[in-house]
Number of protein chains: 2
Amino acid sequence: MVHADASTFAEGITKEQAYQQVLDQAEGLFFEQRNWVCNLSNAASLLWHAYKSLPFPSNQVNWAGFYTLDPLSPPTSPQLILGPFQGKVACQTIAFGRGVCGAAAATGQTQLMRDVDAFPGHIACDEASRSEIVVPIADNVKGGVVVAIIDVDCSVVGGFDEVDRLWLERLAALVGGACDWP
Amino acid sequence: MVHADASTFAEGITKEQAYQQVLDQAEGLFFEQRNWVCNLSNAASLLWHAYKSLPFPSNQVNWAGFYTLDPLSPPTSPQLILGPFQGKVACQTIAFGRGVCGAAAATGQTQLMRDVDAFPGHIACDEASRSEIVVPIADNVKGGVVVAIIDVDCSVVGGFDEVDRLWLERLAALVGGACDWP
């Protein structure tokens, strides 16, 4: 199988089936490959193509990717820095605690925003984004410290639900353990 | 301006104008930001959206992104490893000298393939790709050693010409000098 086939999703599958394929393919791609840039780049592609294969509202996802802990930020004021993604150009750095991404990084808790306009201090990298889910990725080797986040934006309100939370948290656990983090 | 606007290209612009916008926006995004993952992620997004705004054959581009020198590969047998990109899942590693990407990395010369099937040893990450351009990125701090490549694939034969070569080599020069390479 050529690699591109991993991001081909069948018509008519459920969201659960699409996420299951993302996890299965990610696990295969991560086999004997622990480079975090390589693995996050392919994972962003898997997520993007999964959403595009699904019905409304999932197919309205307009950004899917990762931010990681900026190695140049001081431990006393850590910040996220843009990692591999699919979608339009995005904000380069986000301080822990700032916006939806920063909240997930600072708390270690998934942030599921039905309407980003309802979140105080939301950072609008793209004004088209109306809902968002952000899932922290912990490095268990480093005692569970947040080393990255999964960030997915959608151009409609209510783009994500508890199914997305469940499966993205599974993906975060897989990614967290499958990469050597800087 | 929100960041996403950087990847919005006007209708009806020429290929030269689209590439000029890519360079202008990249230069702005790289200002005071030398993290290579962050910068390559945004550059891949700029390229992808530029191609999608252009007429045939540029709008048939099906992969745009980067490979970088794999820090774990020995200097005696260097290999490329997948970096940030937009498009379908891709091959993780490519030995210097292997395929179109490996040829660009090994020779330090742009490879413009009108028809990838005519290239002996072409690596088909995606069978849909029919033409390809690969431009080496040199780190002038390290004496011009190839640290990365720009790789763009197109689903039709003859997707790229000398205009693409000229502008992608300008982008490679900008990226090479704008990032701290590992």
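Reckoned from all heavy atoms, side chains included, excluding hydrogens, waters and symmetry mates.
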> Under a single-linkage definition using a 4.5 Å side-chain heavy-atom cutoff for Ile, Leu, Val, Met, Phe, Trp and Tyr, are A:Leu40 and B:Trp48 assigned to the same hydrophobic cluster?
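Yes, A:Leu40 and B:Trp48 fall within the same hydrophobic cluster.
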> Side-chain heavy atoms under 4.5 angstrom apart, residues restricted to Ile, Leu, Val, Met, Phe, Trp, Tyr: same cluster for A:Val152 and A:Tyr67?
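No; tracing contacts between hydrophobic side chains, which count when under 4.5 Å, never links both residues.
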> Which value, rounded to the nearest 0.5 Å, describes the distance between A:Cys38 atom SG and B:Phe85 atom CZ?
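Rounded to the nearest 0.5 Å, the SG-CZ separation comes out at 8.5 Å.
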> Could you list the cluster mates of A:Leu72? Members are the ILVMFWY residues connected by side-chain heavy atoms closer than 4.5 Å, either directly or through other members.
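For A:Leu72, no cluster forms, as it stays isolated from other hydrophobic side chains.
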> Under 6.0 Å from the CD atom of A:Glu16, do we count more than 12 heavy atoms belonging to anything else shown?
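Enclosed: over 12 neighbouring heavy atoms sit under 6.0 Å from CD of A:Glu16.
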> How many angstroms lie between atom NZ of B:Lys88 and atom CD of A:Gln86, to the nearest 0.5 angstrom?
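If we round to the nearest 0.5 Å, B:Lys88:NZ and A:Gln86:CD are 11.5 Å apart.
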> Same hydrophobic cluster for B:Val163 and B:Met113, using side-chain heavy-atom links shorter than 4.5 Å among ILVMFWY?
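No, B:Val163 does not connect to B:Met113 through the hydrophobic network.
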> Only heavy atoms, only distances under 4.5 angstrom. Which residues in residues 114-139 of chain B are near chain A?
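If one takes a 4.5 Å heavy-atom cut-off, the residues of residues 114-139 of chain B near chain A are B:Ala124, B:Cys125, B:Asp126, B:Glu127.
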> Considering residues, nucleotides and ligands other than B:Arg98, do more than 12 of their heavy atoms fall under 6.0 Å from its CZ?
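Atom CZ in B:Arg98 is not crowded, with 12 or fewer foreign heavy atoms closer than 6.0 Å.
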> Let's test your reading of the structure: which of B:Asn39, B:Asn42, B:Leu82, B:Val37 forms the most heavy-atom pairs below 4.5 Å with chain A?
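Of B:Asn39, B:Asn42, B:Leu82, B:Val37, B:Asn42 has the most heavy-atom pairs under 4.5 Å with chain A.
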> What distance do B:Thr68 atom OG1 and A:Asn35 atom CG have between them, rounded to the nearest 0.5 Å?
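Going from OG1 on B:Thr68 over to CG on A:Asn35, the span is 7.0 Å.
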> Tell me which of these, B:Leu46, B:Thr8, B:Leu29, has more heavy-atom pairs under 4.5 Å with chain A than the rest.
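Max contact count across the listed options: B:Leu29.
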> Indicate if B:Val22 and B:Leu168 have the same hydrophobic cluster label, given that clusters are the connected sets of ILVMFWY residues with side-chain heavy-atom separations under 4.5 angstrom.
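Linked, B:Val22 and B:Leu168 end up in one cluster.
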> Picking from B:Ala43, B:Gly83, B:Ala44, B:Gly87, which has the most non-hydrogen pairs under 4.5 angstrom with chain A?
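Counting heavy-atom pairs under 4.5 Å, the top option is B:Gly87.
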> With a 4.5 Å cut-off on side-chain heavy-atom distances among I, L, V, M, F, W and Y, is there a chain of contacts connecting A:Leu174 to A:Trp36?
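Yes, it is one cluster - the side chains of A:Leu174 and A:Trp36 are joined through contacts under 4.5 Å.
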> If you look at every heavy atom in B:Cys91 and A:His3, which pair is closest and at what distance?
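Of all heavy-atom pairs spanning B:Cys91 and A:His3, the closest is SG-ND1, 3.5 Å.
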> Would you find a donor on one side and an acceptor on the other, under 3.5 Å apart, between the side chain of A:Ser45 and the backbone of B:Val89?
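Flag set: sc A:Ser45 to bb B:Val89 pair under 3.5 Å.
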